[in-house]
Amino acid sequence: MRRLIAAWLYLCVSASALAGAQKYEPLSASVQAALYKAVSDSRPQVSSFKTPLEAADWLGEMSRRLEKRIPDREYRIDLLRSVHYEATRAGLDPQLVLGLIQVESGFRKYAVSSAGARGYMQVMPFWVKLIGRPDDSLFELRTNLRYGCTILRHYLDIEKGDLYRALGRYNGSLGQPEYPNLVRGAWHKHWAYGEPAATQPVAQNTR
């Protein structure tokens with residue numbers, strides 16, 4: 001019994017440690033302006049897919065994989081379309097973003113971490129004020145995805161494309177392998193699709 005309790009406590013602590021916890025860092029005026037613009041751009045009514053066939057194939061396959069977690073088909077398709085759009089818009093692999101969401105929130109819209117991170121992509125609340133949009137709700141589907149993808153893109157730019165370190169920054173665990181490897185594992189095991197993405201896979205940190 002003691003071993004079971006200890007194991008349960010360990011899992012709880014591990015889950016809390018892996019929850020999103022981006023670190024507050026002051027931004028230069030130019031970076032703040034760029035992030036504000038990236039977050040504020042209105043969502044155009046266009047598809048992020050190259051062709052209707054590509055959309056049908058990707059949405060059909062990803063919907064099948066996500067069905068157990070989100071039974072409502074209409075909402076599931078809306079989430080997947082939004083993930084694909086926001087990831088593509090930020091220059092990210094949509095399957096990478098799905099892997100990150102799986103690790104961060106388990107696809108729970110109203111998830112809140114022990115550090116206070118919110119929503120699908122576990123965005124820390126300080127971002128809405130830091131970027132200059134204090135009225136934004138991080139529990140709103142597209143807002144959460146917009147912030148999450150924009151922040152990960154920001155960290156990738158800081159780290160010059162090093163996904164390992166960018167994921168570490170996103171999780172507040174820079175330099176530690178557990179979180180980047182979890183995201184990579186979820187990405188490749190559960191959401192891999194089609195040709196390899198332009199975004200580089202996570203590599204072991206050698207710094």
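Counting from 1, the numbers follow the sequence of the chain as shown.
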**Asn181 (side chain) donor-acceptor with Pro177 (main chain) under 3.5 angstrom** = yes
**Gap separating the OG atom of Ser48 from the CZ atom of Arg89, nearest 0.5 angstrom** = 11.5 Å
**Message:** I need the Ile158 CD1 to Arg165 CZ distance, nearest 0.5 Å.
**Reply:** 10.5 Å
**Fill in**
The reported gap from CZ in Arg81 to CH2 in Trp58 (rounded to nearest 0.5 angstrom) is 10.0 Å
**Item:** Expected output: side-chain Glu159 to main-chain Gly161 donor-acceptor under 3.5 Å
**Value:** no
**Prompt:** Is it true that a side-chain atom of Arg108 and a backbone atom of Ser105 form a donor plus acceptor pair closer than 3.5 Å?
**Reply:** yes
**Message:** In the structure I gave you, are the side-chain heavy atoms of Phe139 and Val112 within less than 4.5 Å of one another anywhere?
**Reply:** yes
**Item:** Path from Leu152 to Leu174 over hydrophobic side-chain contacts below 4.5 Å
**Value:** no
**Message:** Can you tell me how far apart CD1 (Ile131) and CD1 (Ile151) are? Round to the nearest 0.5 Å.
**Reply:** 5.5 Å
**Request:** For the pair Asp136 and Tyr147, evaluate side-chain hydrogen bond (donor to acceptor under 3.5 Å, both in side chains) and give the outcome as yes or no after the intermediate values.
**Result:** CA-CA 10 Å; Asp136 283 349; Tyr147 270 84; 2.7 Å; yes
**Asked** Taking all atoms of both residues into account, what is the closest heavy-atom pair of Leu182 and Val103, and its distance?
**Response** O-CG2, 3.6 Å
**Complete:** Rounded to the nearest 0.5 Å, the CG atom of Leu80 sits from the CZ atom of Arg73 at a distance of 10.0 Å
**Request:** Check Arg133 against Ser40 and note the closest heavy-atom contact, atom names and distance.
**Result:** NH1-OG, 3.1 Å
**Prompt:** Is the ring centre of Trp127 less than 6.0 Å from the ring centre of Tyr170?
**Reply:** no
**Asked** Does Glu86 reach the main-chain N or O of Asn144 with its side chain, forming a donor-acceptor pair under 3.5 Å?
**Response** no
**Item:** Heavy-atom closest contact (Tyr193 atom, Gln95 atom, distance)
**Value:** O-NE2, 3.9 Å
**Asked** Is there a side-chain hydrogen bond (donor to acceptor under 3.5 Å, both in side chains) between Gln102 and Trp187 once you walk through the steps?
**Response** CA-CA 9 Å; Gln102 178 178 323; Trp187 174 17; over 6 Å; no
**Request:** Quick one: closest heavy-atom pair of Leu138 and Met124, and the distance?
**Result:** CD1-O, 3.9 Å
**Asked** Which heavy atom of Arg118 sits nearest a heavy atom of Pro125, and at what distance?
**Response** NE-CG, 3.6 Å
**Prompt:** Is there a donor-acceptor pair closer than 3.5 Å between any side-chain N or O of Arg146 and the backbone N or O of Val39?
**Reply:** yes
**Item:** Cationic N near anionic O, under 4.0 Å, Glu67 to Arg64
**Value:** no
**Flag, side chain of Glu54 to backbone of Lys50, donor-acceptor distance under 3.5 Å** = yes
**Message:** Can you confirm whether Phe49 sits close enough to His84 that some side-chain heavy atom of one is under 4.5 Å from a side-chain heavy atom of the other?
**Reply:** yes
**Request:** Flag the pair Leu100 / Leu167 as yes when at least one side-chain heavy-atom distance between them is below 4.5 Å, and no otherwise.
**Result:** yes
**Request:** In plain terms, say whether Arg153 and Asp157 are close enough for a salt bridge, that is, a side-chain N and a carboxylate O under 4.0 Å apart.
**Result:** yes
**Message:** Donor-acceptor pair, distance only, cut-off 3.5 Å: does the side chain of Asn171 make one with the backbone of Pro180?
**Reply:** no
**Item:** Residues Glu140, Thr143; criterion side-chain hydrogen bond (donor to acceptor under 3.5 Å, both in side chains); working and verdict
**Value:** CA-CA 5 Å; Glu140 199 278 323; Thr143 299; 2.8 Å; yes
**Request:** Could you tell me the separation between the CZ atom of Phe107 and the CZ atom of Arg69, rounded to the nearest 0.5 Å?
**Result:** 6.0 Å
**Fill in**
Taking every heavy atom of Ser173 against every heavy atom of Tyr179, the minimum-distance pair comes out as OG-CB, 3.8 Å
**Request:** Taking the side chain as every heavy atom from C-beta outward, state whether Met121 and Cys149 have any pair of such atoms under 4.5 Å apart.
**Result:** yes
**Donor-acceptor pair, side chain of Ser113 and main chain of Gly116, under 3.5 angstrom** = yes
